[in-house]
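First up is the structure itself, then whatever we jot down about it.
Both counts, for ligands and for their atoms, begin at 1 and track the order of listing.
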Amino acid sequence: MSAVWEQNVRRVVPYVAGEQPTDKNIIKLNTNENPYGPSPKVQELADHMDSDIFKKYPDQTAGDLVRALAKYHGFKPEEIFVGVGSDDVLAMCFMTFFNSDKEILFPNITYSFYPVWAEMLRIKYRTVPLDEQFNIRPEDYKAPNGGIIFPNPNAPTAILASREVVEDIIASNRDSIVIVDEAYIDFAEEGSSVIDLTRKYDNLIVVRTYSKSRSMAGLRIGYAIANEKLIKYINDVKYSYNSYTMNTPSIILGTASVEDDEYFKEKIEAIKKTREWFTEELKKLGFKVLPSSANFVFASPKTKTAAEVFEAAKQAGIYVRYFKAPLTKDFLRITIGLDEEMKKVVDFLKGFC
Ligand SMILES: *Cc1c(COP(=O)(O)O)cnc(C)c1O
């Protein structure tokens with residue numbers, strides 16, 4: 001017999017993130033972190049951080065960080081919302097904007113946190129199939145809905161939708177909020193982002209993160225860009241939930257990161273170069289590799305099952321990600337690490353596949 005209060009528990013199936021092993025020798029290619037680390041300017045500031053700054057509550061508005069991001073992207077501070085990683089920003093957006101009786105839409109292969117937030121917040125949703133090449137078809141999003149969200153590039157496919165496709169979806173859905181999750185956009189071709197379209201469409205929110213391209217997953221910084229009105233609505237919800245979201249070190253170090261663009265761009269280029277090399281090596285081994293615009297590849301082995309390669313790689317100290325669902329079970333998601341790490345992966349695969 002279970003207690004009566006059991007009937008009133010909000011039961012959820014939580015999101016499962018990739019493992020964070022403690023063994024330093026593991027080649028960790030399972031959570032799409034950037035292996036190069038943040039700018040040396042961030043290191044310098046961290047080295048000289050005086051613990052006295054921890055005495056006081058942080059700036060609720062994270063003003064320095066918001067202003068630095070606004071300046072970097074050419075927006076007003078009122079057009080930027082910052083949160084504890086983009087997961088927090090996305091959760092706040094779900095809460096703020098997805099309150100219709102109609103279902104929200106997102107692709108059937110996508111970031112697996114979306115259905116978790118929808119369940120948690122009791123938002124109805126419908127997943128929309130990708131085409132055979134794993135592309136988003138804008139026609140499929142021209143249906144009544146309570147909101148739309150998708151990552152661009154998509155995860156875990158790594159495939160980029162063109163600006164035309166993204167704009168088509170935004171323009172055909174002026175009655176609902178469209179969220180474009182640009183977690184990996186810095187690894188895509190220049191000009192792929194739609195942040196500029198937030199000026200043209202009042203129903204668009206673009207979400208970014210420090211966790212992938214800025215190599216600062218541990219600090220938990222994400223942000224949204226949209227028009228002032230939408231940002232105000234998100235802030236109202238945030239201040240009604242937890243006002244002090246951003247901690248002082250995150251504000252200071254997050255600000256320093258955007259101020260060193262040269263380092264940032266250099267490391268992005270290095271990752272893109274490694275990605276091209278690694279993709280060719282996988283193809284030589286017979287893998288099917290989806291065209292990647294991100295810092296990971298989604299690849300399907302030829303001679304062994306993805307599950308077998310996943311397990312054997314793990315035994316060999318190489319962690320990648322495997323999603324056992326019917327649509328993704330033939331693929332592995334492999335983060336692009338350092339050159340020497342990726343060479344070891346290729347050597348391992350040559351021996352195993
Ligand atoms: C990694 C990721 C996020 C979350 O990143 P944070 O670490 O919470 O900023 C959001 N969306 C997608 C598609 C991601 O891959």
Open item on the list: Under a 4.0 angstrom heavy-atom cut-off, which atoms of ligand 1 come close to G85?
Closed with: 8 (O), 9 (O)

Task: Atoms in ligand 1 flagged as close to R220, the criterion being non-hydrogen separation under 4.0 Å - done: 6 (P), 7 (O), 8 (O)

TODO: Start with the C-alpha gap between K200 and E167, add the side-chain angles, then the distance that decides, and say whether salt bridge (Lys or Arg N to Asp or Glu O under 4.0 Å) holds.
DONE: CA-CA 10 Å; K200 187 169 170 189; E167 183 164 7; 2.7 Å; yes

Which residue owns the protein heavy atom closest to [atom], what's the atom, and how far is it?
| atom | value |
| --- | --- |
| atom 15 (O) of ligand 1 | Y184 OH, 2.6 Å |
| atom 7 (O) of ligand 1 | S211 OG, 2.6 Å |
| atom 5 (O) of ligand 1 | S86 OG, 3.1 Å |
| atom 11 (N) of ligand 1 | D181 OD2, 2.7 Å |

- [ ] Drop me the distance from S86's OG to E182's CD, to the nearest 0.5 angstrom.
- [x] 11.5 Å

Open item on the list: Can you tell me how the ring of H73 sits relative to the ring of Y223, calling it parallel under 30°, perpendicular over 60° and tilted otherwise?
Closed with: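 H73 and Y223: tilted rings.
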
TODO: Scan F106, Y15, Y184 and name whichever one has a ring pair (Phe, Tyr, Trp, His ring centres under 6.0 Å) with Y111.
DONE: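 Among F106, Y15, Y184, the one meeting ring pair (Phe, Tyr, Trp, His ring centres under 6.0 Å) with Y111 is Y15.
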
Open item on the list: When you group the ILVMFWY residues by side-chain heavy-atom contacts below 4.5 Å and let the links chain together, are I27 and L338 in the same group?
Closed with: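 Cluster IDs for L338 and I27 match.
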
Task: Within 45° cone and under 6.0 Å: R214 NZ/CZ vs Y210 ring - done: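 Yes; both conditions hold, so R214 lies above the ring face of Y210.
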
TODO: Consider every N or O of Y114 and every N or O of ligand 1, then say whether any pair is closer than 3.5 Å.
DONE: no

Task: Min N/O separation K212 to ligand 1 under 3.5 Å - done: yes

Open item on the list: Heavy-atom distances under 4.0 Å decide this one: backbone, side chain, both or neither, for F113 against ligand 1?
Closed with: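 No part of F113 comes within reach of ligand 1.
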
Task: Centroid-centroid distance, Y125 to Y114, less than 6.0 Å - done: no

